[in-house]
Amino acid sequence: MKRLMLAMVMLGIAIGAMAQRPFNGKITRSDGKGVRARIYVVGKDKQTMSDGKGRFGLTDIEADDTLEIVIKRDTLRIAVEGRRSIDIVWDMERSEYVAEESEELMNYGFGYVNRRESTDYSSGISGDRLRATGAKGLVEAIQMCYPGLRYVNGELCLLTQNSINGSSAVLVLCDGMEVRPEMINLYDVKEVEIIKGSNMYGFRGVNGVVLITTMTAQDALNRQR
C-alpha cells in the first residue's frame, strides 16, 4: 500500500512538471549588478518581478511570446523567439540590451519561479482614463475606476482583503519606489495596476499592491501632440 501511495505521489509530481514548463531569466547591468524590474508577458495575465540579483522565473512561456520589462522609467520589449531562458544585459546609459539563451538558467528548473509568478492582477487603468473621471487627485480617480478600493484612515485598502500583518493597507509603488499615493500628481500618471495580493511582493503585498507608472518626458511630449 505504501509503495502504491508513493508511486501515485511521484506520478502526480511528474504530471505537474509536464503541465508547466519553467522559464528562467536574469537581468544585469553592464557591470554585472542585478536589476530589479517588473516583467509582463504581453497579451497574457502573467507577470513577475526580478529579485536583487536580477533573477526571475515564469512558467509556460510560448516560443512566440513577448516579454515587456519595466525598469524604472524604461520599458524593454523582448521577443522570446523560441528561447527556453533569457539572460539580459542592459546598458543603462544607452538604454540598449543584449538578450541570449542561457543553459545555466535552464538548469535551475523551477528554482527561479519560486511562487513569484502572479496572474491575479487587474487590467491596467490608463492615466487618460483616470483623468477623464474629473477627480481632483489620484486617490479619488483610482477609487472611481476601481470601486473595490477604499481610502480608510489615510490608507488605501481592498475591501475583500484580510490583514495578517497588523495593517489592511495595500502596498503602493510608484516606478518601483514605495510612496503615499496622495503625493503623486494625477497628471504625471501613465498607468495604474491593482494586484489583489501576491507572494511576489512578500508579506507587504498580502493586502494588495497598487503599481503606479509615471510618464517619461517622451510620453508627456506625445500626449501634447
**Report entry** Over 12 non-hydrogen atoms of neighbours within 6.0 angstrom of CG in N153
**Finding:** no

The ring pair (Phe, Tyr, Trp, His ring centres under 6.0 Å) partners of Y108 (sequence neighbours excluded) come to Y112

- Query: Under 3.5 Å, side chain of S85 to main-chain N/O of S102, donor-acceptor pair present?
  - Reply: yes

Would you say Y97 ends up clustered with I69 if hydrophobic residues are merged whenever their side chains have heavy atoms under 4.5 Å apart, either directly or through other cluster members? yes

- Answer with yes or no whether the hydrophobic clustering places V172 together with Y151; edges join I, L, V, M, F, W, Y residues whose side-chain heavy atoms lie under 4.5 Å apart. yes

Next on the checklist: Test of understanding: clusters of I, L, V, M, F, W, Y form through side-chain heavy atoms closer than 4.5 Å, transitively. Do I184 and M144 belong to the same one?
Outcome noted: no

### Backbone of L105 reached by a side-chain donor or acceptor of N24 within 3.5 Å
yes

Taken to the nearest 0.5 Å, the spacing of I125 CD1 from I142 CD1 works out to 7.0 Å

In one Ile/Leu/Val/Met/Phe/Trp/Tyr side-chain cluster, 4.5 Å: L130, Y187: yes

Rounding to 0.5 Å, atoms CZ (R180) and CD (E178) come to a distance of 10.0 Å

| message | Applying a strict under-4.5 Å side-chain criterion to I, L, V, M, F, W and Y, I'd like to know whether V210 and V179 cluster together. | response | yes

Closest heavy-atom pair, P22 versus G109, reported as atoms and distance to 0.1 Å, is CB-O, 3.1 Å

- May I ask you to decide if V41's main-chain N or O and D65's side chain share a donor-acceptor pair within less than 3.5 Å? no

Of all heavy-atom pairs linking I195 and L158, the shortest is O-CD1, 3.9 Å

Salt-bridge present (R21, E62; N to O < 4.0 Å): yes

All heavy atoms of F56 vs all of K26, minimum pair found to be CE2-N, 3.7 Å

Closest non-hydrogen atoms of L186 and A135, given as atom of the first, atom of the second and distance, are CD2-O, 3.7 Å

Interatomic distance, CG@D175 vs CG@D74, rounded to 0.5 Å, equals 10.5 Å

| said: Check whether R29 reaches the backbone of V35 with its side chain - one donor and one acceptor, N or O, closer than 3.5 Å. | reply: no

All heavy atoms of V209 vs all of L211, minimum pair found to be CG1-CD2, 3.6 Å

Is a donor on one side and an acceptor on the other found under 3.5 Å between the side chain of K46 and the backbone of T59? yes

Q. Is a donor on one side and an acceptor on the other found under 3.5 Å between the side chain of R83 and the backbone of A99?
A. yes

Residues passing the salt bridge (charged side-chain N to carboxylate O under 4.0 Å, His left out) test with E68, sequence neighbours excluded, are R77

Please check if the side chain of R55 supplies one atom and the backbone of G34 the other of a donor-acceptor pair under 3.5 Å. no

Note: R129 and C145 closest approach over all heavy atoms is NH2-O, 3.7 Å

Checklist entry - Is there a donor-acceptor pair closer than 3.5 Å between any side-chain N or O of T213 and the backbone N or O of K190? => result no

